[in-house]
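For reference, the structure is listed below as structure tokens.
Note: hydrogens, waters and symmetry copies are ignored here, and every other heavy atom, side chains too, is used. Numbers for residues simply follow the sequence, beginning at 1.
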Amino acid sequence: FYPNMMWEFKFYSRGGQGAVTAAKILVNAAILEGKFAQAIPSYGQERKGAPVFTYARISDTPIDVKAYVYRPNCVIDFDPSLKELGIDSAEGARPGATLVVNTNDASYVNEAFGHVTRIDADKITHELLGEVPPNVAMLGALAKATDCVSLDSLRKAVQMKIPGKAGEMNAETCAAAYRNA
């Protein structure tokens with residue numbers, strides 16, 4: 001994380017994958033570190049499986065803009081099959097942007113990005129938590145790929161959102177994805 005650099009994130013997902021919650025947890029982790037942050041959900045068709053776009057920003061300095069992110073320097077793609085619907089996760093991405101993508105395809109490449117982190121967030125989540133959204137695993141991979149927040153802060157933010165034993169298990173899932181990214 002470079003001083004005075006603002007991370008601008010765009011999350012691509014389907015309803016039910018937990019991207020809106022992920023953006024909120026990410027922002028809370030940044031705030032725990034004394035950074036400025038905002039999460040901006042965009043709701044369209046609110047149904048399971050429909051495309052969902054969510055945005056977030058993290059900065060060391062106050063954030064003056066409160067709008068969707070049109071030129072992200074980091075894209076988080078929960079579901080690469082959105083491409084089949086004509087949704088291009090590289091749209092608007094800045095040159096050299098980071099992509100964190102939920103795929104088990106080791107050959108997955110997207111030349112539009114300067115750095116690609118592949119993580120099988122679905123597999124990690126299912127092994128550790130069962131049939132729940134892959135959002136905390138995606139956050140672990142995001143933290144590893146960008147260093148925008150520490151794993152420790154992310155684990156704390158997960159446990160603030162999800163209390164008790166379930167929160168501990170979600171925090172461990174986040175850490176497992178961090179280690180595997």
Side-chain angles (χ1 to χ4, degrees), residues 1-14 17-20 22-31 33-42 51-122 124 134-154 157 174-175 177-181:
F1 190 69
Y2 305 100
N4 300 322
M5 178 188 157
M6 180 163 42
W7 280 102
E8 293 191 289
F9 304 95
K10 185 168 183 181
F11 294 74
Y12 289 83
S13 67
R14 291 183 185 268
Q17 289 184 310
V20 171
K24 291 176 182 177
I25 291 170
L26 177 65
V27 160
N28 286 337
I31 291 168
E33 295 180 358
K35 296 176 182 170
F36 296 87
Q38 58 183 220
I40 306 162
S42 171
V52 174
F53 309 102
T54 304
Y55 313 90
R57 290 184 179 88
I58 296 175
S59 179
D60 288 332
T61 58
I63 300 169
D64 295 329
V65 62
K66 178 90 172 159
Y68 293 154
V69 172
Y70 297 102
R71 303 274 299 141
N73 51 12
C74 184
V75 170
I76 304 92
D77 189 348
F78 278 60
D79 190 340
S81 75
L82 287 169
K83 188 174 187 170
E84 296 165 14
L85 300 178
I87 296 170
D88 179 9
S89 62
E91 181 183 343
R94 293 185 201 166
T98 297
L99 170 66
V100 178
V101 60
N102 182 12
T103 183
N104 61 3
D105 181 358
S107 66
Y108 180 91
V109 176
N110 189 326
E111 272 90 17
F113 294 92
H115 177 72
V116 176
T117 295
R118 292 177 293 279
I119 186 79
D120 193 344
D122 291 323
I124 292 169
N135 55 349
V136 294
M138 290 298 288
L139 285 175
L142 171 63
K144 178 78 170 274
T146 64
D147 200 30
C148 63
V149 294
S150 71
L151 178 59
D152 187 50
S153 296
L154 204 48
C174 182
Y178 183 93
R179 290 188 299 269
N180 284 286

(message) Would you say D105 and S107 are linked by a side-chain donor-acceptor pair, where the criterion is simply a distance under 3.5 Å?
(response) yes
(message) For the residue pair N102 / D122, report whether a side-chain donor-acceptor contact shorter than 3.5 Å exists.
(response)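 The criterion, which ignores hydrogens and geometry beyond distance, is satisfied for N102 and D122.
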How close do [X] and [Y] get, heavy atom to heavy atom, and via which atoms?
| X | Y | value |
| --- | --- | --- |
| L99 | Y108 | CD2-CE2, 3.9 Å |
| A67 | I40 | O-CD1, 3.0 Å |
| I124 | A137 | CG2-CB, 4.5 Å |
| M6 | R57 | SD-CD, 3.6 Å |
| K144 | A181 | NZ-O, 3.7 Å |
| A177 | I119 | O-CD1, 3.6 Å |

(message) Walk me through whether F78 and F11 qualify under side-chain contact (heavy atoms from CB on, under 4.5 Å).
(response) CA-CA 7 Å; F78 278 60; F11 294 74; 3.7 Å; yes
(request) Spell out, as yes or no, whether a donor-acceptor pair under 3.5 Å connects the side chain of R118 to the backbone of A106. (result) yes
(request) Could you tell me which residues satisfy side-chain contact (heavy atoms from CB on, under 4.5 Å) with A143, sequence neighbours excluded, listed by chain and number? (result) V149, L154, Y178
(message) List the residues meeting side-chain contact (heavy atoms from CB on, under 4.5 Å) with A97, not counting sequence neighbours, and say none if there are none.
(response) A93, F113
(request) Give the intermediate values and the outcome of side-chain contact (heavy atoms from CB on, under 4.5 Å) for residues N110 and S89. (result) CA-CA 10 Å; N110 189 326; S89 62; 4.2 Å; yes
(request) Apply side chain to side chain donor-acceptor pair (under 3.5 Å) to the pair S150 and D152, showing each step before the final yes or no. (result) CA-CA 5 Å; S150 71; D152 187 50; 5.2 Å; no
(request) Assess whether side-chain contact (heavy atoms from CB on, under 4.5 Å) is satisfied between S13 and I76, documenting all intermediate values. (result) CA-CA 8 Å; S13 67; I76 304 92; over 6 Å; no
(request) Return the orientation label for the F9 and W7 ring planes: parallel under 30°, perpendicular over 60°, tilted otherwise. (result)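 Ring orientation of F9 relative to W7: parallel.
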(request) With side-chain contact (heavy atoms from CB on, under 4.5 Å) as the test, would you mind laying out the steps for L139 and L26 before giving the verdict? (result) CA-CA 7 Å; L139 285 175; L26 177 65; 3.9 Å; yes
(message) Taking the six-membered ring for Trp, are F53 and Y12 closer than 6.0 Å centroid to centroid?
(response)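 So the answer is yes for these two rings.
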